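For reference, the structure is listed below as structure tokens.
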Amino acid sequence: MDNTIKLLKSLADPTRLRVMAMCRHGGDLTVSEIVRILGQSQPRVSRHLKLLTDAGALDRIPEGSWVFYRLGKQSGVTSVIDALLSNIPVDDSTLQRDQERLERVKSDRDQAASKYFSENAAAWNSLRALHIDQEQVNTAIAALGCKRPIRRLLDLGTGTGEMLRLFAPQIETGEGIDLSRDMLAVARSKLEEDNLDHCRVRQGDLYALPFPDDSFDTVVVHQVLHFVDDVASALNEAARVLVDGGQMLIADFAPHDIEDLRTTHQHRRLGFANNDFDEALRQSNLDVLTVQHLEGAHLTVTIWHARKSGVMPVKEAMA
Ligand SMILES: C[S@@+](CC[C@H](N)C(=O)[O-])C[C@H]1O[C@@H](n2cnc3c(N)ncnc32)[C@H](O)[C@@H]1O
């Protein structure tokens with residue numbers, strides 16, 4: 001009951017209700033975007049945001065020097081907000097003006113994201129031409145991943161959120177992690193465009209994931225490991241957040257000799273052999289179930305499907 005009272009108290013203010021209305025329909029918003037929509041000073045807005053965050057009405061997600069705010073994930077927040085907003089006339093002029101400003105903020109953001117995307121599109125298209133059609137890769141990954149129901153999925157190096165969107169219809173919640181803010185901006189736009197409220201992305205490093213142990217039943221690592229310097233540490237960290245019995249899907253290139261990918265696409269590794277991940281996965285208690293190859297014109301895409309067993313290795317169990 002205490003939590004509910006705290007939540008209701010935090011909402012009993014016109015500015016804070018406006019913030020909740022924009023976060024309900026606006027996805028993740030930065031402080032400066034909220035300042036722009038409200039037309040109030042930053043210190044004042046920050047005070048309101050702190051009260052809402054302390055009450056669990058909003059979640060605060062730091063991302064480098066930026067901070068995003070989104071509707072709190074504690075149960076009941078969405079239904080309380082919806083109930084309160086349904087009591088305000090649809091033609092309320094303040095909320096209508098906020099909505100118009102929110103649309104402008106989103107369209108500016110979309111334009112910046114699509115500018116970045118188009119500036120890099122030529123390079124990505126040239127890479128795609130070297131391997132099999134992405135649709136076929138997606139079909140193969142989804143067929144493996146969806147053999148069992150998925151509740152919580154983590155997409156490492158999510159980029160534009162392609163894997164989140166692929167699995168979205170089959171999962172309860174999806175989280176995407178990426179280092180690149182530009183990629184995340186594209187991912188956010190696409191997730192919002194498709195109304196995928198149950199999927200979220202945030203900036204983070206796959207070597208130090210911002211999640212406790214055993215948080216996910218599925219981890220996807222699609223076309224990321226060839227950028228990474230320490231693949232074993234990356235896989236160990238991915239395995240840490242996977243529950244016993246959870247699955248890991250890794251897609252990357254089979255060994256190749258297209259050295260040019262190092263200079264033009266910053267690849268560190270020229271593909272991986274079938275058993276390259278065996279040792280790292282075994283150390284983290286994962287067994288490779290299948291390895292599948294999809295041959296393209298110049299590059300073969302390999303998909304590794306592994307599962308975490310429930311048995312602790314002897315040395316850890318005794319420690
Ligand atoms: C080729 S993109 C693949 C994106 C996505 N998985 C997909 O399938 O479309 C590789 C992504 O890995 C991200 N990345 C590379 N190193 C990372 C790290 N240490 N932590 C998080 N993301 C990383 C890059 O920013 C980039 O967005």
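One-based numbering, in listed order, for ligands and for the atoms of each. For this chain, numbers begin at 1 and follow the sequence in order. Keep in mind the model is a prediction, meaning the values are calculated, not measured.
The two residues Val301 and Val137 come nearest to each other via the heavy atoms CG1-CG1, 4.1 Å.
The aromatic ring centroids of Phe216 and Phe211 lie less than 6.0 Å from each other.
Around atom CZ of Arg44, no more than 12 heavy atoms belonging to other residues, nucleotides or ligands sit under 6.0 Å away. More than 12 heavy atoms of other shown residues, nucleotides or ligands fall within 6.0 angstrom of atom CG in Asp82.
Among protein residues, Gly157, Thr158, Gly159, Glu162, Asp178, Leu179, Ser180, Met183, Gly204, Asp205, Leu206, His222, Gln223, Val224, Phe227 come within 4.0 Å of ligand 1, judged on heavy atoms.
When the salt bridge (Lys or Arg N to Asp or Glu O under 4.0 Å) test is applied to Arg101, no partner is found at least two apart in sequence or on another chain.
Below 30°, between 30° and 60°, or above 60°: for His267 and Phe227 the angle between ring planes is above 60°, a perpendicular geometry.
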